[in-house]
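Data first, discussion second: the structure below is written as structure tokens.
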Protein chains: 2
Amino acid sequence: MVTIRDVAKKSGVSVATVSRVLNETGYVHEDTRKKVMAAVEELKYSPNEVARSLFKKKSKLIGLLLPDITNPFFPQLARGVEDEMQREGYRLLFGNSDENAEKEMDYLNTFIQNNVVGIISATNNKTKTNYKDLSIPVVFLDRTSNDYPSVYADGKEGGRIAADEILKRGSKRITLLKGPAHIQPAQDRFQGALEVLSQSSVDFHVMTTTSFAFEDAEKWAKELFATYPDTDGVLASNDIVATAVLHEALRLGKSIPEDLQIIGFDDIPQSSLLFPPLSTIRQPAYEMGKEAAQLLVKIMNKEKIEQQHIQMPVTFIDRNTTRKVDTNG
Amino acid sequence: MVTIRDVAKKSGVSVATVSRVLNETGYVHEDTRKKVMAAVEELKYSPNEVARSLFKKKSKLIGLLLPDITNPFFPQLARGVEDEMQREGYRLLFGNSDENAEKEMDYLNTFIQNNVVGIISATNNKTKTNYKDLSIPVVFLDRTSNDYPSVYADGKEGGRIAADEILKRGSKRITLLKGPAHIQPAQDRFQGALEVLSQSSVDFHVMTTTSFAFEDAEKWAKELFATYPDTDGVLASNDIVATAVLHEALRLGKSIPEDLQIIGFDDIPQSSLLFPPLSTIRQPAYEMGKEAAQLLVKIMNKEKIEQQHIQMPVTFIDRNTTRKVDTNG
DNA sequence: TTGTACGCGTTATCAC
DNA sequence: GTGATAACGCGTACAA
């Protein structure tokens with residue numbers, strides 16, 4: 001390993017001078033600057049971030065905590081965060097919590113131990129105390145928090161839109177799928193849809209699901225049609241579940257969207273590649289990740305923050321699991 | 001921040017002793033051990049990994065470099081790596097290269113600067129020199145290398161199997177989709193399929209695609225049927241492309257698998273949720289990630305390695321985009 | 001404009 | 001058994 005001392009020796013100056021040219025701090029003669037740079041080149045010196053981090057008590061590391069990167073919604077988020085952080089010169093320390101408080105704590109601890117200068121968390125954190133005594137900025141992503149800045153999509157509005165759209169398109173016996181209780185965004189969209197549905201005059205059922213896992217989704221789908229065979233509209237808790245419902249409906253020989261309309265939530269990339277392509281409520285995942293990163297960077301730079309909570313807009317993506325709206329009525 | 005010095009003061013011993021009880025190195029009286037532990041508890045002390053890393057010249061950090069986490073194949077890999085590394089007490093420094101040599105180099109550098117003790121790379125690395133002067137162990141994942149240990153699926157065999165199966169099931173005019181030239185695994189599976197097809201007596205075309213992006217996939221699919229409208233069997237370069245082909249075929253009113261058989265590659269999670277569910281060649285992504293992590297850990301521990309190159313088995317997943325095999329013929 | 005010397009928090013080596 | 005203390009590589013007062 002080549003250290004700043006080696007560079008100093010090679011260029012015949014002191015380590016202080018080398019440090020000065022590298023960090024562009026303080027005056028340094030052009031000639032010596034060149035000498036130093038030459039030595040740096042020759043030795044292929046690159047500063048030890050660990051030593052730097054120890055001295056300055058701050059690194060160029062950001063902690064990113066996700067529930068599960070295997071859920072297709074999150075890679076987009078992660079990518080948004082990464083691209084922005086990379087632009088700003090930060091690197092990511094990354095972990096999946098599986099919505100498990102212990103894992104969450106564990107990662108948080110190691111983040112701190114590694115001197116990260118900020119954390120972006122998309123985990124559930126019922127026990128809010130987790131984050132209380134962190135002395136570094138935290139931004140929550142895909143979830144709300146009163147105590148911390150956050151970036152999230154307007155789930156409640158998304159739920160309302162979904163319900164509106166399916167009603168407008170004529171479904172009369174709707175099944176509303178309620179996502180896992182401990183996942184806040186799932187509850188928001190459920191509440192929004194429930195609000196609209198309960199003020200309407202159509203029949204509807206609520207069915208509760210307890211996970212977003214691929215493996216479970218098909219189970220719920222079967223159960224749905226077994227329990228409510230005459231359902232003609234499904235508001236799914238996310239696109240995974242919607243996909244399973246679609247799949248099962250086709251298997252049962254239903255025509256989509258004639259016999260049954262389906263609206264998902266998230267607009268994960270593969271939703272547009274389904275057959276028929278899935279109508280859904282889009283969350284701008286990549287942009288959310290980016291926003292969260294930008295917000296965190298601003299906070300770390302102690303810039304003025306206009307808004308602590310950034311609510312991202314949600315839009316209805318009208319594909320082929322919903323009918324064309326009847327403009328005559 | 002509470003340091004080892006604070007603990008020492010509080011428990012009335014020296015920092016050396018505190019270090020000894022924490023690291024369980026050297027003798028220390030049970031009574032003092034208890035005193036120290038009490039102080040640790042009370043102060044909620046947890047050691048600074050950065051200082052530790054500086055002194056020992058090794059951290060508990062692993063660098064993980066992926067092409068693009070947004071491609072559904074990679075989250076599985078990443079999760080396999082993470083779960084195993086987490087078990088072993090390592091954390092992940094994570095980056096996407098986008099198959100871009102500059103980004104790759106950049107991440108590699110920052111990995112080194114942060115004292116990572118090992119690297120798992122799933123990137124393309126045409127310029128092999130990149131990794132040459134790294135003084136830490138590297139394991140390649142989802143790609144082969146003569147110079148470094150690696151974990152990868154048997155792509156060539158996968159290609160052969162796919163071709164065999166589609167032939168066995170009676171396709172006569174096959175289109176073989178060739179993946180991006182710079183992605184090694186894509187070429188392997190292509191070669192395998194080509195080998196079998198060229199020894200058979202059926203007609204086949206080769207069509208080259210240049211990316212695995214969702215957005216491009218639909219374009220290739222349209223082009224495929226425009227150019228070869230009478231194709232009755234498609235060997236896709238991966239499941240994304242296969243999905244797009246399936247989608248387009250259904251749009252064109254083809255019956256699957258009667259008019260057209262399709263076999264994908266990878267078995268990404270959503271392939272089973274398509275309609276009809278996609279027949280494909282499965283790569284055990286999660287297990288590959290795990291294997292790579294285990295291999296790297298062994299190398300870091302200087303354990304004896306039986307094999308530097310771990311080739312994972314590939315299997316045909318017989319779902320509904322292929323016909324049932326005719327056992328009479 | 002440049003160099004000396006100290007400290008960041010930890011571990012390991014040596015005395016005691 | 002325990003305590004000083006030197007080192008890890010870097011950045012910054014302060015002195016020159």
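As the structure is a prediction and not an experimental result, all values here were calculated from the model. Throughout, a chain's letter reflects where its sequence line sits, starting with A, and its residues are numbered from 1.
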Exercise. Can you pull out how bent the helix from C:dT1-D:dA16 to C:dC16-D:dG1 is, comparing the axes over its first five and last five pairs, to 10°?
Key: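 Between the first-five-pair axis and the last-five-pair axis there is 50°.
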
Among residues at least two apart in sequence or on other chains, which ones pass salt bridge (Lys or Arg N to Asp or Glu O under 4.0 Å) with [X]?
X	value
B:Glu82	none
A:Glu88	none
B:Arg5	none

Would you tabulate the side-chain donor-acceptor contacts of residues 61-70 of chain B under 3.5 Å, counting partners in other chains and residues two or more places apart, or write 'none'?
{"residue": "B:Asp68", "atom": "OD1", "partner": "A:Arg79", "partner atom": "NE", "Å": "3.0"}
{"residue": "B:Asp68", "atom": "OD1", "partner": "B:Thr70", "partner atom": "N", "Å": "3.0"}

Quiz item: Can you name the side chain to side chain donor-acceptor pair (under 3.5 Å) partners of A:Thr32, sequence neighbours left out?
Solution: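 A:Thr32: no side chain to side chain donor-acceptor pair (under 3.5 Å) contacts found.
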
Quiz prompt | side chain to side chain donor-acceptor pair (under 3.5 Å) involving B:Lys103 - partner list, sequence neighbours excluded | solution =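 Residues passing side chain to side chain donor-acceptor pair (under 3.5 Å) with B:Lys103: B:Asp98.
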
Quiz item: Shortest non-hydrogen contact from A:Ser150 to A:Ser145?
Solution: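 Scanning both residues, the minimum pair turns out to be OG-N, 4.0 Å.
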
Practice problem: Could you list the residues that satisfy side chain to side chain contact (heavy atoms under 4.5 Å, CB included) with A:Lys57, not counting sequence neighbours? | Solution: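 Once residues adjacent in sequence are excluded, A:Lys57 has no partner under the side chain to side chain contact (heavy atoms under 4.5 Å, CB included) criterion.
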
Quiz item: For residues 58-90 of chain B, which residue pairs qualify under ring-ring contact (aromatic ring centres under 6.0 Å, His included), counting only residues two or more places apart or in two chains?
Solution: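 Residue pairs with at least one partner in residues 58-90 of chain B: there are none.
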
Quiz item: Of all residues at least two apart in sequence or in a different chain, which pass the ring pair (Phe, Tyr, Trp, His ring centres under 6.0 Å) check with A:Tyr152?
Solution: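 With sequence neighbours excluded, A:Tyr152 shows a ring pair (Phe, Tyr, Trp, His ring centres under 6.0 Å) to no residue whatsoever.
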
Self-check item: Range on DNA chain C touched by chain B - first to last nucleotide, heavy-atom distance under 4.0 Å
Solution: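 With heavy atoms of chain B under 4.0 Å away, the range is C:dG9 to C:dA12.
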
Quiz item: Could you run down nucleotides 2-12 of chain D 5' to 3' and tag each one B, S or - for protein heavy-atom contact under 4.0 Å?
Solution: BBBB-BBBBBB

